[in-house]
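Have a look at the structure below, then the notes.
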Amino acid sequence: QEQLVESGGGLVQAGGSLRLSCTASADIFNIRDMGWYRQAPGKQRELVGSIGSGGNINIANSVKGRFSISRDSAGNKVYLQMNSLKPEDTAVYYCHAGVLRPSHDWTRVNYVEVWGQGTLVTVSS
């Protein structure tokens with residue numbers, strides 16, 4: 001089964017740093033982009049950052065200058081380096097991948113979204 005496995009979440013003091021890692025299972029091919037979303041208590045899920053297969057990067061304004069995203073295409077991995085963490089960064093962080101693959105009869109192409117289970121980041125004041 002296609003899976004994204006996250007790691008690196010935990011409890012950190014404000015101003016500290018964490019690095020999240022996401023690894024796609026070996027049966028995932030043709031990944032177009034990968035990224036990170038987060039969902040804080042009582043809030044909707046929001047995009048934190050993404051990086052395309054061509055290296056194009058999108059970073060949310062709220063984390064620009066503090067977070068950076070990188071990708072190891074050969075290993076189907078994506079990382080989120082989080083610096084200068086703030087309490088408002090507290091959320092469950094989800095890895096995301098957009099995957100292009102053909103239908104069963106190969107008559108069309110499907111875009112499949114794969115999500116990780118989430119890793120909790122808690123930033124104390």
Side-chain angles (χ1 to χ4, degrees):
Q1 181 70 266
E2 296 177 335
Q3 287 184 305
L4 302 175
V5 180
E6 306 111 324
S7 64
L11 175 65
V12 66
Q13 191 177 24
S17 298
L18 286 173
R19 188 174 192 246
L20 305 183
S21 299
C22 173
T23 302
S25 57
D27 58 344
I28 299 180
F29 298 94
N30 300 317
I31 299 175
R32 292 178 62 85
D33 55 6
M34 300 186 75
W36 291 91
Y37 290 71
R38 68 184 182 185
Q39 187 166 20
K43 305 279 285 186
Q44 291 187 321
R45 190 172 300 185
E46 64 177 353
L47 174 69
V48 179
S50 66
I51 180 168
S53 59
N56 52 303
I57 295 173
N58 291 309
I59 294 289
N61 288 334
S62 59
V63 301
K64 280 184 178 178
R66 299 188 297 119
F67 292 10
S68 62
I69 190 168
S70 60
R71 181 175 178 177
D72 181 358
S73 296
N76 293 325
K77 297 178 180 179
V78 64
Y79 307 92
L80 185 68
Q81 179 66 48
M82 304 184 294
N83 300 321
S84 302
L85 282 161
K86 304 175 181 180
E88 51 263 43
D89 295 319
T90 296
V92 177
Y93 284 71
Y94 296 91
C95 184
H96 172 269
V99 181
L100 178 65
R101 68 186 181 195
S103 61
H104 290 164
D105 59 3
W106 288 74
T107 59
R108 61 191 181 275
V109 64
N110 293 328
Y111 295 90
V112 179
E113 297 186 48
V114 183
W115 293 89
Q117 80 286 348
T119 184
L120 177 63
V121 172
T122 303
V123 184
S124 62
S125 61

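Predicted model only: the values in this text are computed from it and were never measured.
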(request) Check each of V92, T119, T23 against E6 using the side-chain contact (heavy atoms from CB on, under 4.5 Å) test, and report the only one that passes. (result) T119

(request) Mind listing the closest non-hydrogen atom pair of S53 and R71 along with its distance? (result) N-NH1, 3.4 Å

(request) Flag yes if L80 and L18 sit in one hydrophobic cluster, no otherwise; membership is Ile, Leu, Val, Met, Phe, Trp, Tyr, and two members link when side-chain heavy atoms are under 4.5 Å apart. (result) yes

(request) Treat each ILVMFWY residue as a node, draw an edge where side-chain heavy atoms are under 4.5 Å apart, and state whether V48 and V121 are in one component. (result) yes

Give every donor-acceptor pair under 3.5 Å between a side-chain atom in residues 29-37 and any protein atom, sequence neighbours left out.
residue, atom, partner, partner atom, Å
N30, ND2, L100, O, 3.4
D33, OD1, G98, N, 3.4

(request) Give, for atom OG of S25 and atom CG of N76, the distance between the pair rounded to the nearest 0.5 Å. (result) 8.5 Å

(message) Count I, L, V, M, F, W, Y as connected when their side-chain heavy atoms are under 4.5 Å apart, and connections chain through other members. Are V63 and V12 then in the same cluster?
(response) yes

(message) To the nearest 0.5 Å, what is the distance between CG on L47 and OH on Y94?
(response) 15.0 Å

(message) Is there a path of hydrophobic side-chain contacts, each under 4.5 Å between heavy atoms, that joins Y93 and V114?
(response) yes

(message) I'd like to know whether S21 forms a side-chain contact (heavy atoms from CB on, under 4.5 Å) with K77, so could you lay out the CA-CA distance, the side-chain angles of the two residues, the decisive distance to 0.1 Å, and finally the verdict.
(response) CA-CA 7 Å; S21 299; K77 297 178 180 179; over 6 Å; no

(request) Heavy atoms only: give me the nearest V112-E2 pair and the separation to one decimal. (result) CG1-OE1, 4.3 Å

(message) Side chains of R38 and L20, heavy atoms from C-beta outward: is any pair under 4.5 Å?
(response) no

(message) Tell me whether E113 contacts the main-chain N or O of H96 through its side chain, where contact means a donor paired with an acceptor under 3.5 Å.
(response) no

(message) With rounding to the nearest 0.5 angstrom, report the OG to NZ distance, S125 to K86.
(response) 14.0 Å

(message) With a 4.5 Å cut-off on side-chain heavy-atom distances among I, L, V, M, F, W and Y, is there a chain of contacts connecting I28 to V78?
(response) yes

(message) With a 3.5 Å distance limit and no angle check, can you tell me whether R108 reaches the backbone of S103 through a side-chain donor-acceptor pair?
(response) no

(message) Could you report the tightest heavy-atom contact between R19 and S70, atom names first, then the distance?
(response) NH2-OG, 4.4 Å

(message) Once rounded to the nearest 0.5 Å, what's the spacing between atom NZ of K43 and atom OG1 of T90?
(response) 13.0 Å

(request) Supply the atom-to-atom distance M82 CE to R66 CZ, rounded to the nearest 0.5 angstrom. (result) 9.5 Å

